[in-house]
Student: 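Input: one structure, supplied below.
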Amino acid sequence: MRILVAGATGVLGRALLPLLAERGHDVISLVRSPTPGHVVVADALDRDGVVAAVRAAAPDVVVHQLSALRSPSAFEETARLRTEGTENLLTAARAAGVHRFVAQSIAFATAPEGPAVVDEDARLYTDAPDEGWARTVRAVARLEELTLGASGIVLRCGTLYGPGTQYAPDGAVGAALAKGRFRLPEEATGRTSFVHAADAAHATALAVEAEVTGRFNITDDEPVTGAEWVPRLAGLLGGPSPRTIPADMARRLLGWFPTYQLTALRGASNERARRDLGWKPRYSQWHIGMAGP
C-alpha cells in the first residue's frame, strides 16, 4: 500500500518508516520543512496546504502521529495538532479518497478511578485539576472522536521508552535517575504502562494493514508502580536509589503530571490489541527493554 505518515520525524516515526518499507509498503512522509527522502511538505495546521499535499501523495492510508513535544510551547502546540491537525488530515484524506486513517493517542489519559489496570472504555481525565493536563486530555478526546467518527483506528500508546525518549540514558528522566537527582513521592502506587518505541511501531504497522476499527491500548504486559520502576531503572542506569519525599513536596519539585503519574495513574490493559490486532509486545516487561539488547 501507499502510506502517508504525518509525524514521521518523531521517536515513533523513526521506528515506523523502515518497518513499513520492510513490509513492502510505499511510504511518504508529511513534513513541515523539506528534508531528504520521499516527502510532501505542508504545515499540518494549514488546511489548504494539507489537502494539496495529501492529494499529491495519493495515499491509501494516512497515519497521524503528529506532536510538538520538542517545542517550547509543546503542550499547546500538540493540543492544536490533535484537534485542528486531525481535522485537517481527515479533510485531506476524504478529498484524496483515502480508505484508512490511523491516529496515535495516549494510554495514560484515563481518570484515576476504577481498578488499578483499565481498558479502552475507561473515562478520559478531561476534568483533571491541572488545567494544562485537562487541556491535553480534552485534545486527546477530540482526536479520538474525530478518528472514530471517520471509521478510523486509534492506538493509545503507553509511555514510550527507547532511544530518543525521556527514559533513555540521555533523556530527562534517565539522566536524573543516573545522577541521583530524581525524587520519588511517598506512596508511589500509580501504575505506568510502558511500551518500547519499536513495539509501538509494530502495532502501527499492523493497524495499517488490519480491517478493524476502534481504540486499542498499545502497552506492555506489566503496568508497574512508581515504587517499583523508579528505583529499578535507577539501578539499570547505574544511579543510586532515589530519595523519597512527601507528595506535596513532589508537586513542587517534579510538577503536577509526574507526581500524578507516580501516585495515582491507572495502568492500561493490552488485551484488546492482542485479540483484535494480533499484536503482542516483543518487550513484554518494561525492564527487559530498558536493559537493552
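Positions are given from 1 along the sequence.
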Student: Could you measure the distance from the OG1 atom of T136 to the CG atom of L124? Nearest 0.5 Å is fine.
Tutor: 12.0 Å
Student: Passes salt bridge (Lys or Arg N to Asp or Glu O under 4.0 Å), R142 versus E145? Steps please.
Tutor: CA-CA 5 Å; R142 182 60 175 158; E145 177 188 25; 2.8 Å; yes
Student: With heavy-atom distances below 4.5 Å as the criterion, would you say the side chains of D221 and R274 are in contact?
Tutor: yes
Student: So for atom CD, which belongs to E271, do other residues, nucleotides or ligands contribute more than 12 heavy atoms lying within a distance under 6.0 Å?
Tutor: no
Student: Just so I know, are the side chains of R232 and W286 near enough to count as touching, which here means a heavy-atom distance under 4.5 Å?
Tutor: yes
Student: Are V98 and V51 in one and the same hydrophobic cluster, where Ile, Leu, Val, Met, Phe, Trp and Tyr link if side-chain heavy atoms are under 4.5 Å apart?
Tutor: no
Student: Is there a path of hydrophobic side-chain contacts, each under 4.5 Å between heavy atoms, that joins V31 and I3?
Tutor: no
Student: Please lay out, stage by stage, how L89 and V50 fare under the test side-chain contact (heavy atoms from CB on, under 4.5 Å).
Tutor: CA-CA 7 Å; L89 281 171; V50 172; 3.9 Å; yes
Student: Treating R100 as the side-chain partner and A207 as the backbone partner, does any N or O pair qualify as donor plus acceptor under 3.5 Å?
Tutor: yes
Student: Parallel, tilted or perpendicular: which fits the ring planes of W133 and F257, with parallel below 30° and perpendicular above 60°?
Tutor: tilted
Student: Within this structure, what is the CG-OG1 distance for the pair L17 and T9, rounded to the nearest 0.5 Å?
Tutor: 9.5 Å
Student: Please walk me through it: do M249 and R183 pass side-chain contact (heavy atoms from CB on, under 4.5 Å)?
Tutor: CA-CA 10 Å; M249 185 180 296; R183 300 294 178 259; over 6 Å; no
Student: Check whether the side chains of T244 and E186 place a donor and an acceptor atom closer than 3.5 Å, and report yes or no.
Tutor: no
Student: Heavy atoms, side chains only, cut-off 4.5 Å: are L253 and I245 in contact?
Tutor: yes
Student: Assess the side chains of T192 and Q261: does a donor N or O sit below 3.5 Å from an acceptor N or O?
Tutor: yes
Student: Tell me if a side-chain donor or acceptor on H196 pairs with a main-chain N or O of G289 at a distance below 3.5 Å.
Tutor: no
Student: Output, in order, the C-alpha distance, side-chain angles, deciding distance and verdict of salt bridge (Lys or Arg N to Asp or Glu O under 4.0 Å) for R138 and E131.
Tutor: CA-CA 10 Å; R138 288 194 292 268; E131 179 53 31; 2.5 Å; yes
Student: Measure the shortest side-chain to side-chain distance between V5 and L20 over non-hydrogen atoms and say whether it is less than 4.5 angstrom.
Tutor: yes
Student: Check this for me: does any side-chain nitrogen of one of D121 and R272 sit under 4.0 Å from a carboxylate oxygen of the other?
Tutor: yes
Student: Check for me, please, whether V140 and W256 land in the same ILVMFWY cluster - side-chain distances under 4.5 Å, paths through other members count.
Tutor: yes
Student: If you count every heavy atom of other residues, nucleotides or ligands that lies below 6.0 Å from R282 atom CZ, does the total exceed 12?
Tutor: no
Student: Calculate, to the nearest 0.5 Å, the distance between atoms CZ and CZ belonging to R80 and R135 respectively.
Tutor: 13.0 Å
Student: According to a 4.5 Å side-chain heavy-atom criterion applied to Ile, Leu, Val, Met, Phe, Trp and Tyr, with indirect links allowed, do W279 and Y161 form part of one hydrophobic cluster?
Tutor: no
Student: Could you walk me through whether T263 and E187 pass the side chain to side chain donor-acceptor pair (under 3.5 Å) test, one step at a time?
Tutor: CA-CA 6 Å; T263 61; E187 300 182 4; over 6 Å; no
Student: Ignoring hydrogens, what is the shortest heavy-atom contact between P185 and L262? Give both atom names and the distance.
Tutor: CD-CD1, 3.5 Å
Student: Does a side-chain heavy-atom distance below 4.5 Å link R2 with I28?
Tutor: yes
Student: Verify the neighbour count for atom CZ of R47: are there more than 12 heavy atoms of other residues, nucleotides or ligands below 6.0 Å?
Tutor: yes
Student: Tell me the closest heavy-atom pair linking L177 and P240, and the distance in Å.
Tutor: O-CD, 4.0 Å
Student: Would you say the side chain of T204 lies within less than 4.5 Å of the side chain of L155, judging by non-hydrogen atoms?
Tutor: yes
Student: Between D199 and I218, does the side-chain contact (heavy atoms from CB on, under 4.5 Å) criterion hold? Intermediate values first, please.
Tutor: CA-CA 8 Å; D199 280 332; I218 306 302; 5.9 Å; no
Student: When rounded to the nearest 0.5 angstrom, what is the spacing between CG in D276 and CD1 in I153?
Tutor: 9.0 Å
Student: Mind checking whether L45 and L81 have side chains closer than 4.5 Å, heavy atoms only?
Tutor: yes
Student: May I ask you to check whether H38 and S29 show a side-chain donor-acceptor distance below 3.5 Å?
Tutor: no
Student: Is the shortest heavy-atom distance from the side chain of H287 to the side chain of E222 under 4.5 Å?
Tutor: yes
Student: When the ring planes of F194 and Y167 are compared, do they come out parallel, tilted or perpendicular, using 30° and 60° as the limits?
Tutor: perpendicular
Student: Which pair of heavy atoms, one from S284 and one from D220, lies closest together, and at what distance?
Tutor: O-CB, 3.4 Å
Student: Donor-acceptor pair, distance only, cut-off 3.5 Å: does the side chain of T78 make one with the backbone of F75?
Tutor: no
Student: With rounding to the nearest 0.5 Å, note down the distance linking OG in S241 to CZ in F182.
Tutor: 12.0 Å
Student: Go through R123 and D127 one step at a time and tell me if the salt bridge (Lys or Arg N to Asp or Glu O under 4.0 Å) criterion holds.
Tutor: CA-CA 10 Å; R123 183 177 72 87; D127 56 350; 3.1 Å; yes
Student: Work out which heavy atom in T219 is nearest to a heavy atom in A268; give both atom names and the distance.
Tutor: OG1-O, 3.1 Å
Student: Give a yes or no on whether V195 and L19 share a hydrophobic cluster (residues Ile, Leu, Val, Met, Phe, Trp, Tyr; joining criterion: side-chain heavy atoms under 4.5 Å apart).
Tutor: no
Student: Of all heavy-atom pairs between A53 and L30, which one has the smallest distance, and what is that distance?
Tutor: CB-CD1, 3.9 Å
Student: Might you work through the salt bridge (Lys or Arg N to Asp or Glu O under 4.0 Å) test for R266 and E113, ending with a clear yes or no?
Tutor: CA-CA 8 Å; R266 270 31 178 189; E113 57 196 30; over 6 Å; no
Student: How close do A44 and N88 get, counting heavy atoms only, and between which atoms?
Tutor: O-ND2, 2.8 Å
Student: Take Q65 and L16 through the side-chain contact (heavy atoms from CB on, under 4.5 Å) test and state the conclusion after the steps.
Tutor: CA-CA 11 Å; Q65 47 192 36; L16 177 62; 3.8 Å; yes
Student: So, D119 and R156, do they make that salt bridge, N to O below 4.0 Å?
Tutor: no
Student: Hey, could you give me the CG/CD distance between N270 and E120, rounded to the nearest 0.5 Å?
Tutor: 8.5 Å
